[in-house]
Engineer: 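Can you read through this structure? Questions will come right after.
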Amino acid sequence: MATSQSLSQAAGAPGRKRFFSTFCPPQVLDKDCQKIQEAFIKSFTSKDPCNVTEQDYQLFIELTNEIVPCDKTVFWSKTKELAHQYTEIQQEMFTLENTLLGYIVDGLRWCGDAGSSEINYKSCPDWREECFNNSVSVFWNAVSKRFAEDACGVVHVVLNGSLIKAFDEKSTFGRVEIRNLHPQKVHTLQAWVMHSIGGIASISCSSSSIFNLKTIINERNITFTCQDNYRRGTCMGAKCSMRTFAANEGA
Ligand code: JS2
């Protein structure tokens, strides 16, 4: 699994060899992996790092496309660790990062340079301050859009009930994913509002932030359901509550 690092670190800069050998999970054939890596690198190299488009990533998206079975899609927002603890236990459920599309670049940062066909190993722009259409943000918007478009049946989202804005319209989930669900394929969004993740707030399914999400979802002709994660027994803390949660879900 890729950890938080720059592409140059992943690549073992200055050579690219190590990057090529660790980019894909073991189940992807070498020749396919090489093709996928080349498509990924071509998406952003030789380009202004502040002017990358979603279209630039289309070939990479097509090559890595994987179908998540209906009812098994899990979105998350400000709950990355918890959502992945959950899918680790419930192995038939998939976040974007559990699919090839998200897995291979999860935790990486990368960019190119308009004047060079190489990966820029030296510096990438500071995204927030310098540019909106940067190679990393545009990538996650594009793959999140595809992940949502492909979802079907009941879809799930793990939300952080320790934040006042458990649902944030400006998040990738709020801005991209819920807007790209297809009501013809997705009949229900089930929200899991998880408490005790860290933070002072305690937001429940009846809070205004969750009501806002319900309104948006219902306007899209999708049913909204919500479940609070109540701590059970002596179980304390996020890890524990998700385990308990997962166990209950499986029951
Ligand atoms: C992963 C990164 C990185 O439902 C989830 C996923 O499907 C994801 O693509 O988008 C949703 C989470 O994004 P959201 O709602 O903005 O939650 P967050 O905790 O505020 O932001 C997490 C960053 C999302 C995009 N993203 N996703 N792995 O390495 C990564 N880097 C970025 N920028």
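In listed order, ligands and their atoms are each counted from 1. Residue indices begin at 1 and follow the sequence shown.
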Engineer: With K80, which residues qualify under side-chain contact (heavy atoms from CB on, under 4.5 Å), at least two apart?
Structural biologist: W76, H84, D106

Engineer: Taking the side chain from K72 and the backbone from V155, do they hold a donor-acceptor pair closer than 3.5 Å?
Structural biologist: no

Engineer: Does ligand 1 have any N/O atom under 3.5 Å from a protein N/O, and what are those pairs and their distances?
Structural biologist:
unit_1: ligand 1; atom_1: 4 (O); unit_2: W76; atom_2: N; d: 3.0
unit_1: ligand 1; atom_1: 4 (O); unit_2: W76; atom_2: O; d: 3.0
unit_1: ligand 1; atom_1: 4 (O); unit_2: E177; atom_2: OE1; d: 2.5
unit_1: ligand 1; atom_1: 4 (O); unit_2: E177; atom_2: OE2; d: 3.4
unit_1: ligand 1; atom_1: 7 (O); unit_2: E177; atom_2: OE2; d: 2.5
unit_1: ligand 1; atom_1: 9 (O); unit_2: S144; atom_2: OG; d: 2.6
unit_1: ligand 1; atom_1: 13 (O); unit_2: T172; atom_2: OG1; d: 3.4
unit_1: ligand 1; atom_1: 15 (O); unit_2: S77; atom_2: OG; d: 2.7
unit_1: ligand 1; atom_1: 15 (O); unit_2: S171; atom_2: OG; d: 3.4
unit_1: ligand 1; atom_1: 15 (O); unit_2: T172; atom_2: N; d: 3.4
unit_1: ligand 1; atom_1: 15 (O); unit_2: F173; atom_2: N; d: 3.0
unit_1: ligand 1; atom_1: 16 (O); unit_2: T172; atom_2: N; d: 2.7
unit_1: ligand 1; atom_1: 16 (O); unit_2: T172; atom_2: OG1; d: 2.9
unit_1: ligand 1; atom_1: 19 (O); unit_2: K78; atom_2: N; d: 2.9
unit_1: ligand 1; atom_1: 20 (O); unit_2: K78; atom_2: NZ; d: 2.7
unit_1: ligand 1; atom_1: 28 (N); unit_2: K80; atom_2: NZ; d: 3.4
unit_1: ligand 1; atom_1: 28 (N); unit_2: D106; atom_2: OD1; d: 2.5
unit_1: ligand 1; atom_1: 29 (O); unit_2: D106; atom_2: OD1; d: 3.4
unit_1: ligand 1; atom_1: 29 (O); unit_2: G107; atom_2: N; d: 2.7
unit_1: ligand 1; atom_1: 31 (N); unit_2: W140; atom_2: NE1; d: 3.2

Engineer: Among side-chain atoms of N134 and S137, is any donor-acceptor pair under 3.5 angstrom?
Structural biologist: yes

Engineer: Backbone N or O of K42 within a donor-acceptor pair of the S46 side chain at under 3.5 Å?
Structural biologist: no

Engineer: Sequence neighbours excluded and cut-off under 3.5 Å, please list the side-chain donor-acceptor pairs for residues 177-184, or say none.
Structural biologist:
unit_1: R179; atom_1: NE; unit_2: G174; atom_2: O; d: 3.4
unit_1: R179; atom_1: NH2; unit_2: E169; atom_2: OE1; d: 3.2
unit_1: N180; atom_1: ND2; unit_2: V176; atom_2: O; d: 2.7

Engineer: Once side-chain contact (heavy atoms from CB on, under 4.5 Å) is applied, do any residues pair with D71, and if so which ones, sequence neighbours excluded?
Structural biologist: V154

